[in-house]
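Here's the structure, in structure tokens; my notes come after.
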Amino acid sequence: MGKKYFTLSFDDGLEQDKRIVTLMKQYGLKGTFNLNSGLFGQRGEVMGLGSFSFRDCEEGVRHRWPFSYVPHNRIPEDEILQVYEGMEIASHGFRHEPLKKLDEQGLRDSVGKDKEYLERLTGDAVVGHAYAQGSVSPAAEAYLKRLGYLYARAVFPSGSFEFPADPLNFRPSSSMILGNAMTLVESFKQAEADRDLLLCLWGHGYEMDYGKGQASWDSLERLFDAVAGQSDIIYCTNSEAFRHI
Ligand SMILES: [Zn+2]
């Protein structure tokens, strides 16, 4: 007999996380926030829906192109502990570096530096990572393993509830803004835990600001409401889920 773990995971440490954490607490949910400690307080905007990266541009700039822009403002360092209280803080690369092409020194300057900085700030061990832009390599995985990471999250959804065979290249079940998120929640609720199961949904706070389809605050709250309050589901952070197994 196994257990059912539900986790949420949000990247980049954005101002929108404040609203998300409030909602999560309201619904009794827990999760992991992957932060870039070299970019605390940085302000910018994101262009278009579903882009995996963001554009650094000053606030108040008049945009030349008719896309929708939403704020991508990062929480300043002196608010981090208060905002994420009760949640897991994990790394995401010191300055959001894609890891694929980095050598040992590059990995140290990205992951190593981020881990150290966050551990000094929180007083807790950082044991989880999210690959910026989903960029990973065998060298990066080996480096994380050496640093004692328990798991590292990639980007592309698996659509499944299986714990990954390789925890250092772990694909989330889905993204909160994908059409199948609600379907997965409903089938997770029905699923028989004949082995350990994990439903991990990831996203970025800014996506809710688009206010379109699944990428909206209303949809996010509907999702939280649907998954919450089940006696057979353990609501936890990614590190708690990976530690249990
Ligand atoms: Zn990111």
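What you are looking at is a predicted structure, and each value in this text was computed from that prediction instead of being measured. Remember, it's 1-based here, ligands and their atoms both numbered in the order they're listed. Quick note: residue numbers are just sequence positions, from 1.
- Within the cation-pi definition used here (under 6.0 Å to the ring centroid, within 45° of the axis), R146 does not qualify as a partner of Y143.
- The Zn ion (ligand 1) does not have D11 among its coordinating residues (no N/O/S atom, backbone or side chain, under 2.8 Å).
- Shortest distance from the Zn ion (ligand 1) to D12 is reached at OD1 (N/O/S atoms only).
- Residue contacts to the Zn ion (ligand 1): H204 brings no N, O or S atom closer than 2.8 Å.
- Electrostatic pairing of E88 and K30 does not count as a salt bridge here, judged by no charged N lying under 4.0 Å from a carboxylate O.
- A salt bridge is absent between K113 and E116; no separation between the charged side-chain nitrogens and carboxylate oxygens falls under 4.0 Å.
- Rounding to the nearest 10°, we obtain 100° for the angle at the Zn ion (ligand 1) between H96 NE2 and H92 NE2.
- Cation-pi geometry between K4 and F188 is met: the NZ or CZ atom falls under 6.0 Å from the ring centre, inside 45° of the normal.
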